[in-house]
Amino acid sequence: MKSVIYHALSQKEAKDSDVQPPGAQRAEAFVRAFLKHSTPGMSPQAREDQLQRKAVVLEYFTRHKRKEKKKKAKGLSARQRRELRLFYIKPEQQRYSLFLPLHELWKQYIRDLCNGLKPDTQPQMIQAKLLKADLHGAIISVTKSKCPSYVGITGILLQETKHIFKIITKEDRLKVIPKLNCVFTVEIDGFISYIYGSKFQLRSSERSAKKFKAKGTIDL
């Protein structure tokens, strides 16, 4: 009776005998492809030399995404706007008739804002809307002021800043009226609203978030 002795071959013996376990060829092909991909700058001979050593260190390269810095749009400063004269109105353009279409557009804007101005519309609602609305194009009048020369001036509002109103009168004169110590009236479709300039020293873009008191004071 023959006895069968199983003998485990070492890697060297298996290589010398050209004996490979199932899947060895695929594993070898995978390893070589992996090494080739991991060491793209290395020649095949140099890669074989590295494999003969006891330890092989594969470098791992990570691709860092560059963080693009968001550039904040910088607006012009007040000084730059003055130097560029962006808000300068030329003398030949200072005519009341030129801005009447702007006033008509403003009236339609307010009517839409108030969902139509009807005789039964509450004046308090119109007052609240006007205080937060864009007033460019409105006809405003100075009804009270600590400076008597301002009282009675009426015109179309062309420009508004934090502290002043610029209006064009029917006499084609551009007037600069300070908000401080002045009371203004705005009339549209028979409704009259009052603006107390001392409490109104805000830019038009800032008024939308401002909470105004329901009852203003008549003190200048």
Enquirer: Report the C-alpha distance between Phe200 and Leu135 in whole Å, list the side-chain angles of each, state the deciding distance to 0.1 Å, and finish with yes or no for side-chain contact (heavy atoms from CB on, under 4.5 Å).
Expert: CA-CA 12 Å; Phe200 208 69; Leu135 296 178; 4.0 Å; yes
Enquirer: Taking salt bridge (Lys or Arg N to Asp or Glu O under 4.0 Å) as the cut-off, I'd like each qualifying pair that reaches into residues 173-183, sequence neighbours left out, listed once.
Expert: Glu160-Lys179
Enquirer: Check which hydrophobic residues are tied to Ile89 through side-chain heavy-atom contacts below 4.5 Å, counting indirect links as well, and list them.
Expert: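 Besides Ile89, the cluster holds Tyr96, Leu98, Phe99, Leu100, Leu102, Ile139, Ile156, Leu158, Ile168, Leu174.
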Enquirer: Using every non-hydrogen atom in the two residues, find where Ile110 and Ala133 come nearest and quote the distance to one decimal.
Expert: CD1-CB, 3.9 Å
Enquirer: Output yes when Arg111 and Asp189 qualify as a salt bridge under the 4.0 Å nitrogen-oxygen rule, no when they do not.
Expert: yes
Enquirer: Is there a side-chain contact (heavy atoms from CB on, under 4.5 Å) between Val151 and Thr143 once you walk through the steps?
Expert: CA-CA 5 Å; Val151 178; Thr143 55; over 6 Å; no
Enquirer: Using 0.5 Å steps for rounding, measure from the CD atom of Gln124 to the NZ atom of Lys129.
Expert: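 The CD atom of Gln124 sits 14.0 Å away from the NZ atom of Lys129.
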Enquirer: Has the side chain of Tyr109 got a donor or acceptor atom that lies under 3.5 Å from a matching backbone atom of Asp134?
Expert: yes
Enquirer: Can you tell me if Ser198 uses its side chain to pair, donor with acceptor, with the backbone of Asn181 under 3.5 Å?
Expert: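 Yes: the side chain of Ser198 pairs with the backbone of Asn181.
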Enquirer: Let me confirm one number: the NZ-CD distance from Lys107 to Glu187, rounded to the nearest 0.5 Å.
Expert: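 It comes to 8.5 Å.
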Enquirer: Would you compute the distance between atom CG of Leu180 and atom SG of Cys147 and round it to the nearest 0.5 angstrom?
Expert: 11.5 Å
Enquirer: Can you list every pair that meets ring-ring contact (aromatic ring centres under 6.0 Å, His included) and has a residue in residues 121-179, with sequence neighbours left out?
Expert: Phe165-Phe184
Enquirer: In Å and rounded to the nearest 0.5 Å, what is the OG1 to CD distance from Thr161 to Gln201?
Expert: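 Nearest 0.5 Å value for the OG1-CD distance: 9.5 Å.
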Enquirer: Can you measure from CG (Leu113) to CD (Gln108) and round to the nearest 0.5 angstrom?
Expert: 11.5 Å
Enquirer: Checking the side chain of His103 only, and the main-chain atoms of Gly137 only, is there a donor and an acceptor separated by less than 3.5 Å?
Expert: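 At least one qualifying donor-acceptor pair exists.
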Enquirer: Establish whether Ile140 and Phe191 are linked, either directly or via other cluster members, by ILVMFWY side-chain heavy-atom contacts under 4.5 Å.
Expert: yes
Enquirer: Drop me the distance from Tyr88's OH to Gln93's CD, to the nearest 0.5 angstrom.
Expert: 9.0 Å
Enquirer: Please determine whether residues Ile164 and Ile195 belong to a single hydrophobic cluster, defined as Ile, Leu, Val, Met, Phe, Trp and Tyr linked transitively by side-chain heavy-atom distances below 4.5 Å.
Expert: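 Ile164 does not cluster with Ile195.
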Enquirer: Assess whether side-chain contact (heavy atoms from CB on, under 4.5 Å) is satisfied between Ser193 and Ile126, documenting all intermediate values.
Expert: CA-CA 8 Å; Ser193 295; Ile126 300 175; 4.2 Å; yes
Enquirer: If only atom types and distance count, is the side chain of Gln127 paired as donor or acceptor with the main-chain N or O of Leu130 below 3.5 Å?
Expert: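 Pair absent, no side-chain N/O of Gln127 close to backbone of Leu130.
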